[in-house]
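Have a look at the structure below before the remarks.
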Amino acid sequence: MGRLRLEWPPTSELHRGTVTFLFTDIEGSTKLLNQLGQNRYDELLSSHADTLRAAFAAHGGRVVDTQGDSFFAAFATANDAVAAAVDAQRDLLAHSWPEGAEVKVRMGLHTGEPKVGEDRYVGIGVHRAARIGAAGHGGQVLLSSTTRELAEEDLPTGITIRDLGERRLKDLEHPQHVYQLVIDGVPSDFGQLRTLDVELRRKRRRLYAGSALIGVVAAAVAIPIFAFGQGDSTGTQIAKPNSLAVIDPSTNSVIDTVPNVGARPESIAYGSGSLWVANLDDQTVSRVDPATRSVTRNVPVANTPTGLATSPGAVWVVGPEAARPAVTVTQLDPQFNSIAGTRRIGNVVPGGPGSVATRGTAVWVAPSAGLLSRLSPRTARVVRQVDPNAGPTAVAVGEDAVWVTDTDANTVTRIDPTGLLTPIAVGHGPSAVAVGAGAVWVADTLDNAIVR
């Protein structure tokens, strides 16, 4: 949060040669702001900054840059950086924060030999340190393999190192071996890292539950009359696998089925007088006539269709490319039941999903990692991009905003027309979102709840 504040020291003051970078960030800063109010939160930020600066200075660290509640510091040795991180975590834990608030700061360290530009460090090492830090939780200190090798022979008293294995980090081509400092007197057990490999596993699992979640959210806003199903123990009709169930909203019972839409149907959308169903396993989109309740056409698409939406005169399908870190957007022409064009955009874990949402002619695509992109409804070209500061699980458009869920962060982020981001804490595992009936509705996976 906050505006960018540059603190680049003169080039002569920057450490040269082998340098260890340390990135920090407060976890849950928006929650703290809402809890304390602006004045008390400003007080907290000042105390937090003073604590970090003192710990860095005690070990020869130079504050290179700050942005909101984040710090970027550089140290002449890996041992100095580790000692500073240890002192900072212990001091933060011991500090008396206003109204009993908890300030938990994630930290990431990496050692390299960066180039020194006119007034800053230049090189992939800076980005690697930032990505390592971003993968952690509040109170956690993560190290690259280089920093671990240099620091482990002379660790401060009461400090050990835990091996967390190789991880895929956002924007880095190769997996990185990540380690954690275990600090006596400081909590050392955390959840899974916020890394792309973990997100991929979660999203693959969610593909199997996606139809149920999306159906529940859609039903909550009274949009569809069709839903996917495996059966209904109380109704007279049984929805078999790979079919649509026709539900009477007045009785909540299955009254008919549409069989053989495709293998493992997931997403469903209505447009151009038809229902459109994305089938995960056979990589097709089925067109269903709602009057006759029958499949009129199956259209093959290039990749697994993990997202589906319609706009006037078009059907939009998104899915991951099998061998590239990208998501493909396919535009279907409902007049001819054919593909009008495809486009590759964004970043995504190979095999990971993407999401799409429309409102009128507005088309928004959310890769599971990368920039939220608005497409031209005519050419499918990217006309605008916004960094959602999230790993999108799902996207929806409405109420003068774009809404993006992030399961790992337990948030729904509201993005207004100016690009302003407003994260909202929502349950545990928000993984589907819809807008309707004057509200935003979120499927909360772990709590088995719908949040308004």
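These numbers come from a predicted model, not from an experiment.
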Distance, nearest 0.5 Å, that separates CD1 of Ile132 from CG of Leu22: 11.5 Å

Between CG on residue Asn410 and OG1 on residue Thr405, distance to nearest 0.5 Å: 10.5 Å

Donor + acceptor pair across side chains of Thr393, Ser431 (<3.5 Å): no

4.5 Å side-chain heavy-atom contact, Phe72 and Val126: yes

Atom pair CG/CZ of Leu375 and Arg381 - distance to nearest 0.5 Å: 11.5 Å

Asp189: partners by salt bridge (Lys or Arg N to Asp or Glu O under 4.0 Å), with sequence neighbours left out: Arg162

Sidechain-backbone polar pair: Asn242 side chain, Arg264 backbone, donor-acceptor under 3.5 Å: yes

Where Glu399 and Ala439 come nearest, the two heavy atoms and their spacing: OE2-N, 4.4 Å

Atom CZ of Arg384: over 12 foreign heavy atoms under 6.0 Å: yes

Glu102, CD atom: more than 12 neighbouring heavy atoms under 6.0 Å: no

Residues Thr160, Leu155; criterion side chain to side chain contact (heavy atoms under 4.5 Å, CB included); working and verdict: CA-CA 7 Å; Thr160 58; Leu155 289 171; 5.6 Å; no

Euclidean distance, Leu280 CG relative to Thr306 OG1, rounded to 0.5 Å: 8.0 Å

Partner residues of His177 under the ring pair (Phe, Tyr, Trp, His ring centres under 6.0 Å) criterion, sequence neighbours left out: Tyr179

Beyond-backbone contact of Gln180 with Ser188, side-chain heavy atoms, under 4.5 angstrom: yes

Minimum side-chain heavy-atom gap Val397-Arg374 below 4.5 Å: no

Donor-acceptor pair, side chain of Thr147 and main chain of Thr111, under 3.5 angstrom: yes

Shortest non-hydrogen contact from Asn79 toward Ala151: ND2-O, 3.2 Å

Salt bridge (Lys or Arg N to Asp or Glu O under 4.0 Å) against Glu152, all qualifying residues, sequence neighbours excluded: Arg148

Note, Val329 side chain near Trp316 side chain (heavy atom, < 4.5 Å): yes

Polar contact flag, side-chain donor to acceptor under 3.5 angstrom, Ser286-Asn279: yes

For the student: nearest non-hydrogen atoms of Val327 and Pro367, plus distance: CG1-CG, 3.9 Å

N/O donor-acceptor pair under 3.5 Å between Arg343 side chain and Ala380 backbone: yes

Pairwise side-chain contact, Thr77 with Leu150, heavy-atom cut-off 4.5 Å (strictly under): no

Heavy-atom side-chain proximity of Gln140 to Leu164 below 4.5 angstrom: yes

Residue pairs passing the side chain to side chain donor-acceptor pair (under 3.5 Å) test where at least one lies in residues 87-98, sequence neighbours excluded: His59-Asp87

Flag side-chain contact, heavy atom, 4.5 Å: Ile159 against Leu181: yes

Gap between atom CG of Leu52 and atom CE of Met107 - 0.5 Å precision: 5.5 Å

Partners passing side-chain contact (heavy atoms from CB on, under 4.5 Å) against Glu153 (at least two apart in sequence or in another chain): none

Shortest non-hydrogen separation from Gly136 to Leu193 and the atoms involved: CA-CD2, 4.3 Å

Nearest atoms (heavy-atom pairs only) where Ala84 meets Phe56: CB-CD2, 4.1 Å

From CA spacing to verdict: salt bridge (charged side-chain N to carboxylate O under 4.0 Å, His left out), Glu27, Arg106: CA-CA 7 Å; Glu27 180 181 69; Arg106 60 174 66 91; 3.6 Å; yes

Geometric class of the Phe71/His48 ring pair [parallel <30°, tilted 30-60°, perpendicular >60°]: perpendicular

Derivation and outcome, side chain to side chain contact (heavy atoms under 4.5 Å, CB included), residues Ile424 and Trp403: CA-CA 10 Å; Ile424 303 165; Trp403 306 82; 4.1 Å; yes

Main-chain N/O of His428 paired with Asp444 side-chain donor or acceptor, under 3.5 Å: yes

Straight-line distance of Asp387 CG to Leu372 CG, nearest 0.5 Å: 9.5 Å

Donor-acceptor contact present, side-chain Ser267 to main-chain Gly307, <3.5 Å: no

Polar contact flag, side-chain donor to acceptor under 3.5 angstrom, Glu43-Asn39: no

Backbone of Pro430 reached by a side-chain donor or acceptor of Thr407 within 3.5 Å: yes

Ile339/Leu332 under side chain to side chain contact (heavy atoms under 4.5 Å, CB included): CA gap, chis, key distance, verdict: CA-CA 4 Å; Ile339 294 176; Leu332 302 183; 3.6 Å; yes

Those residues that, when tested against Glu149, pass salt bridge (Lys or Arg N to Asp or Glu O under 4.0 Å) (two or more places apart): none

Donor-acceptor contact below 3.5 Å, side chain Thr411 vs main chain Thr413: no

Short side-chain to backbone donor-acceptor contact, Thr310 and Tyr270, under 3.5 Å: yes

Heavy-atom donor-acceptor pair, Ser311 side chain to Thr361 backbone, under 3.5 Å: no

Minimum-distance pair of heavy atoms, taken over all atoms of Leu308 and Ala269: CD2-N, 4.0 Å

Side-chain heavy atoms of Tyr41 within contact of Ser29, under 4.5 Å: yes

Exam field: side chain Trp276 to backbone Gly271, donor-acceptor pair closer than 3.5 Å: yes

Steps toward side chain to side chain contact (heavy atoms under 4.5 Å, CB included) verdict (Leu421, Val386): CA-CA 9 Å; Leu421 306 180; Val386 178; 4.3 Å; yes

